[in-house]
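Basis for what follows: all heavy atoms, side chains included, without hydrogens, waters or symmetry-related copies. First the proteins, then the strands, lettered A, B, ... as listed; each starts at 1.
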Amino acid sequence: MAELGTLVTKIRSKNAGPFWVTVDVFCGSAARFAELCQTLDTPRLATLYGVAPERLKRFEIADLNVIKLSFPRPVVQGAPEDRDQHGAQYAVLLQELDI
Amino acid sequence: MATRILIPSGVLGLGFDEAALWRGVASGPDLIAIDGGSTDSGPASLGTATSKYSRAVCLSEWRVLMQARARAGVPLVIGTCGTAGADACVDWMYDITCELARELGQTLRVARLYSEQEPAALARAYEAGRVSPLDPAPAIDAAAIGTMAHIVALAGAEQIQAALDSGADIVLAGRTTDTAIIAALPLARGAHAGAAWHGAKVGECGALCSTNPTSGVILLDVDETGFTVTPLADSAQCTPHSVSAHMLYENADPFLLHEPGGHLDVTAARYSAVDDRAVRVEGAEWVPAPSYRVKLEAARVAGYQTTLLAILRDAHYVRHARAWADRLERFLEAEIARRIAPDAYTMELRLIGVDATLGTLETTSGDPTEVGVLCIITAQDQAQATEIAKLVNPFLLHYPLTDNEELPTFAFPYSPVHSERGALYAFAMNHVLTLDDPMQAFRLQIDEVAHG
């Protein structure tokens with residue numbers, strides 16, 4: 001077992017407008033990309049972020065060795081319950097995911 | 001014919017490399033374009049129609065850009081003035097421009113493009129079926145639209161072109177898409193539409209598409225088949241990877257970008273290195289839409305907040321912070337109901353050092369030295385929020401973990417311990433407005449500012 005963040009070049013997250021958040025996993029190599037496309041299963045990722053699996057958009061971009069996840073923010077940016085206006089800390093959940 | 005756009009940085013207020021800017025001016029640009037805002041910092045800028053950046057900082061950077069414009073002899077365009085692009089934000093930028101024109105002795109034609117939507121007029125458009133939800137959209141109706149603090153529509157290339165057609169030296173635009181200010185002139189001059197929009201998307205954050213993101217300045221050359229992007233700081237390089245990776249940034253779909261009047265599809269884009277600094281891109285497609293729709297952003301008052309901050313350092317309380325906070329919350333809810341009985345309100349205790357950032361999504365736990373307790377009260381007006389905060393105050397200071405222990409006293413970092421945060425704003429629309437004519441929801445104001 002290893003944390004995902006130690007296996008890849010970079011994981012970042014950011015708002016894509018106030019209603020969406022997007023997480024980019026830069027895998028670093030074609031081999032790691034191919035491996036993680038298999039390993040990272042969408043239902044597990046949806047649970048991690050508290051969204052319904054069908055609301056999680058997943059893009060596997062071979063040219064960049066990037067797996068990208070986009071989903072409606074669990075709370076809209078700036079709502080009273082929002083804890084992270086820029087959505088940049090959502091990446092941490094994926095960085096610390098055991099693989 | 002290539003159109004050369006000089007982009008000083010991703011946003012006015014974050015700084016740029018001045019030597020690189022002057023290199024860009026010397027290279028003969030056709031237009032200088034910079035963004036002035038974003039929704040990125042939350043709804044308060046739009047709610048209050050104020051800039052999140054300091055006036056002095058914006059003025060000092062705008063001075064350099066006005067000097068660059070005078071030297072280059074080409075239009076200078078700023079989109080989404082004053083963070084939110086509300087009318088007052090455009091006028092704030094106009095005031096800065098007039099002050100600098102006096103100081104620099106410049107005579108200018110200044111176009112102000114206003115993007116703000118009058119709530120009552122938009123409510124009528126809603127009732128006429130011209131407002132459609134995007135996904136996900138907050139629930140709204142005509143009455144709710146009428147109560148918004150500020151609503152803006154995002155202008156596209158057509159409205160910027162109208163401002164440029166006025167012969168303006170400087171265009172101060174209200175809310176626009178980030179890309180419109182860059183794409184407008186190449187499109188007007190017959191450049192490849194896919195290339196104009198794709199180049200604008202790559203360039204809208206300045207040097208973020210390069211290996212030195214903070215250097216700011218880039219040059220975009222858009223022609224009939226594609227575009228070339230070149231960073232101008234000595235230390236910066238664009239590579240096919242750095243440029244193509246930029247489509248990922250703050251974009252839910254890395255291949256599609258919706259704009260007024262259509263969308264950009266970069267699925268077939270090809271990126272190649274021109275040399276060790278510049279990248280050539282071709283192959284993106286512009287897909288026109290059957291109707292002309294502009295996106296709407298709105299902020300409404302969602303309550304008034306008062307907050308308190310206490311710090312637990314005693315190891316016993318740090319260890320049991322969650323149990324303590326849960327018990328305190330239950331106690332306070334009963335006390336508030338019994339002694340104040342306010343209108344609808346919320347109170348939260350966020351434990352900094354435990355899970356304040358991620359809340360119920362948090363998957364990790366540790367042993368913090370201390371725990372910050374951020375109490376956030378949101379009520380219907382400021383007086384009620386502060387009344388509740390004053391009830392909370394002594395208990396946040398002294399509440400015990402169990403009934404059978406001595407009263408603790410925690411750390412309050414300042415006096416008074418409560419802070420009135422004022423109105424809390426919420427983003428209240430994620431919708432589009434259908435227009436018969438691109439200028440239907442926008443207004444142009446042209447002024448001669450003479451100090452030559």
TODO: Tabulate, in ascending numerical order, the residues of residues 10-23 of chain A having at least one heavy atom closer than 4.5 Å to a heavy atom of chain B, or enter 'none'.
DONE: Arg12(A), Lys14(A), Asn15(A), Ala16(A), Gly17(A), Pro18(A), Phe19(A), Trp20(A), Thr22(A)
Task: Heavy-atom closest contact (Gly78(A) atom, Pro43(B) atom, distance) - done: CA-CD, 3.8 Å
Task: Pro80(A) versus Arg350(B), closest heavy-atom pair with distance - done: O-NH2, 3.0 Å
Task: Modelled atom types, side-chain donor and acceptor of Thr357(B) and Gln89(A), under 3.5 Å - done: no
Check the surroundings of atom [atom1] in [X]: do more than 12 heavy atoms from other residues, nucleotides or ligands lie under 6.0 Å from it?
{"X": "Asp367(B)", "atom1": "CG", "result": "no"}
{"X": "Gln38(A)", "atom1": "CD", "result": "no"}
{"X": "Arg421(B)", "atom1": "CZ", "result": "no"}

Task: chain B contact via Phe71(A) - side chain, backbone, both or neither, heavy atoms under 4.5 Å - done: neither
TODO: Name the region of Ile61(A), side chain, backbone, both or neither, that has any atom closer than 4.5 Å to a heavy atom of chain B.
DONE: side chain
Open item on the list: Using the ring pair (Phe, Tyr, Trp, His ring centres under 6.0 Å) criterion, which residues pair with His258(B)? Sequence neighbours excluded.
Closed with: His263(B)
Open item on the list: At a heavy-atom distance under 4.5 Å, which candidate from Ser41(B), Pro138(B), Ala137(B), Ala299(B) has the highest pair count against chain A?
Closed with: Ser41(B)
- [ ] Heavy atoms only, distances under 4.5 angstrom: which of Thr346(B), Leu424(B), Ile376(B), Leu134(B) has the most pairs with chain A? Name it, please.
- [x] Leu424(B)
TODO: Examine whether an atom of Thr360(B) lies under 4.5 Å from a heavy atom of chain A, and if so say whether it belongs to the side chain, the backbone or both; otherwise answer neither.
DONE: neither
- [ ] Nearest 0.5 Å please: distance from the CG atom of Leu361(B) over to the CZ atom of Arg83(A).
- [x] 9.0 Å
Task: Nearest-0.5 Å distance that lies between atom CD in Glu362(B) and atom CD in Glu96(A) - done: 7.0 Å
Counting heavy-atom pairs under 4.5 Å with chain B, which one of [options] comes out on top?
{"options": "Ser70(A), Gly87(A), Gly50(A)", "result": "Ser70(A)"}
{"options": "Lys57(A), Gln85(A), Arg73(A)", "result": "Gln85(A)"}
{"options": "Leu93(A), Val92(A), Val76(A)", "result": "Leu93(A)"}

Task: Set of salt bridge (charged side-chain N to carboxylate O under 4.0 Å, His left out) partners for Lys295(B), sequence neighbours left out - done: none
Task: Proximal to chain A - members of residues 238-251 of chain B, heavy-atom separation under 4.5 Å - done: His241(B), Ser244(B), Ala245(B), Leu248(B), Tyr249(B), Glu250(B), Asn251(B)
